[in-house]
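Single-structure report; data block below.
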Amino acid sequence: MRRALGRRLTRLRIASGMSRRDVVESRLGISEPTLHRIETGKVPVTGANVRALCWLYGADQSITDALADLALGTSQQEWWDASPVIPEWFKLYVGLEASASRMFGYDGEVVPGELQTPEYARAVFGAEQPADVEIAERHINLRMQRQRTLFARNPPIRLVTVLGEGALTRPVGGETVMKGQIEHLRRLSREETVDIRVLPFSVGAHAAMAGAFRILEFDDPDDPDVVYLESHVGALYLEEQVEVDEYRRIFDLITKDSVPVGEFR
């Protein structure tokens, strides 16, 4: 909802011929960083700010009222908003994941969080040698909550994941944990809307060797599709059409070279 409102306000500003600097200089009391966060859907927006911006952009009363009503929903807190454990840069991703209609992902080294068993997740967090074991356990519980939210959706999300063979052959947590993890992946892949695939080592060089990524797609035209790239300390969100299309091209290439997880031995 925040992204949809932000996109609509951005279109109004551009149609009015105003830059963000022009908005700041109009003395509405909205700083340039705040306007950027509003337009990119990263913060709640008050109805008063929406009405002030619509007035500045010359929007008619019906548009102003509709966007002010939309602003009411941007203040609604989801479970991840209040969590002190989830980094701020990741909260945006969790919100996108919760509203995406389709998600396509590649990871060559690790099973992604939405597909992990608790035992596998515990081994992954343990390898990072966290200073606070209790916080690590809270991360694991939140990861499981994310999974429950994702797979309980109605209608269900369409999920396609390509894993590198290394993600299934590296004994994360030991043989027993990995056996349980692989069985979990095969069980999930039997769901009609879930497709989990493996990119074998025998393929050799492949198109996604630059690293892991996810593509999130949305049905709402005011919600642009996003490519998500994660590091240990932050994340990059790509929304430009040419960027998203390139990652779609890369994903199509590795999907053709992959096999269903149920057929992988």
Side-chain angles (χ1 to χ4, degrees), residues 78-98 100 103-152 157 159-191 194-201 208-216 227-237 254 258 261-262 264-265:
E78 302 290 352
W79 64 265
W80 56 84
D81 287 321
S83 173
V85 176
I86 302 177
E88 289 299 320
W89 54 264
F90 191 63
K91 287 179 180 179
L92 175 58
Y93 172 79
V94 179
L96 293 173
E97 180 184 78
M103 187 162 68
F104 307 90
Y106 165 74
D107 205 307
E109 285 291 316
V110 64
V111 175
E114 65 271 14
L115 303 177
Q116 292 176 3
T117 64
E119 295 78 15
Y120 184 96
R122 194 166 287 110
V124 170
F125 279 110
E128 297 176 1
Q129 299 182 16
D132 192 323
V133 176
E134 183 180 345
I135 289 181
E137 196 63 28
R138 290 169 66 186
H139 271 291
I140 295 166
N141 291 335
L142 286 168
R143 181 159 294 181
M144 296 303 108
Q145 184 172 355
R146 259 183 64 211
Q147 290 184 17
R148 290 191 295 271
T149 301
L150 184 66
F151 290 109
I157 188 171
L159 179 65
V160 184
T161 298
V162 177
L163 301 173
E165 182 173 341
L168 299 187
T169 55
R170 185 184 300 279
V172 175
E175 291 185 10
T176 301
V177 169
M178 278 309 301
K179 181 179 179 181
Q181 178 63 71
I182 292 172
E183 289 175 353
H184 179 63
L185 293 174
R186 289 174 174 162
R187 187 163 53 250
L188 285 174
S189 69
R190 298 188 194 109
E191 298 291 330
V194 178
D195 186 9
I196 301 172
R197 308 181 66 82
V198 182
L199 191 64
F201 285 140
M209 295 177 73
F213 63 89
R214 297 182 196 185
I215 306 168
L216 298 102
V227 173
Y228 174 76
L229 307 174
E230 183 177 315
S231 72
H232 286 286
V233 294
L236 187 62
Y237 297 85
I254 61 173
S258 66
V261 68
F264 177 72
R265 297 290 185 269

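Excluded from the calculations below are hydrogen atoms, water molecules and symmetry mates; all remaining heavy atoms, backbone and side chain alike, are included.
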Separation between NE2 (H139) and CZ (F90), nearest 0.5 Å, reads 10.0 Å
Looking at CG of L199 and CD of E165, how far apart are the two atoms once the value is rounded to the nearest 0.5 Å? 9.0 Å
Candidate list I196, D195, I254, test side-chain contact (heavy atoms from CB on, under 4.5 Å), partner V162, passing option: I254
Nearest heavy-atom approach of A100 to L216 is CB-CD2, 4.0 Å
Interatomic distance, OG1@T149 vs CD1@I157, rounded to 0.5 Å, equals 11.5 Å
Which atoms form the tightest heavy-atom contact between A212 and D107, and what is the distance? CB-OD2, 3.6 Å
Determine whether a donor-acceptor pair (N or O, by modelled atom type, separation under 3.5 Å) exists between the side chain of Q147 and the backbone of G113. yes
Where do V124 and Q116 come nearest, in terms of heavy atoms and distance? CG2-NE2, 4.4 Å
With heavy-atom distances below 4.5 Å as the criterion, would you say the side chains of P112 and L163 are in contact? yes
Which atom pairs, one a donor and one an acceptor, fall under 3.5 Å between side chains of residues 177-186 and the rest of the protein, sequence neighbours left out?
| unit_1 | atom_1 | unit_2 | atom_2 | d |
| --- | --- | --- | --- | --- |
| Q181 | OE1 | T117 | N | 2.9 |
| Q181 | NE2 | L115 | O | 2.9 |
| H184 | ND1 | R187 | NH2 | 3.4 |
| R186 | NE | V261 | O | 3.4 |
| R186 | NH2 | F264 | O | 2.9 |

What's the separation between atom OG1 in T161 and atom OH in Y106, rounded to the nearest 0.5 Å? 12.5 Å
Which heavy atom of S258 sits nearest a heavy atom of P200, and at what distance? CA-CD, 4.4 Å
Tightest non-hydrogen contact, residues V111 and A167, listed as CG2-O, 4.1 Å
Hey, could you give me the CE/CD distance between M103 and E97, rounded to the nearest 0.5 Å? 4.5 Å
State, with a plain yes or no, whether a side-chain heavy atom of W89 is found less than 4.5 Å away from one of V233. no
Rounded to the nearest 0.5 Å, what separates atom CE in M144 from atom CG in N141? 8.5 Å
Between the side chain of Y93 and the main-chain N/O of Y237, is any donor-acceptor distance below 3.5 Å? no
In short, R143 meets A121 closest at the heavy-atom pair CD-CB, 4.3 Å
By side-chain hydrogen bond (donor to acceptor under 3.5 Å, both in side chains) - contacts of Y228 (at least two apart): E230
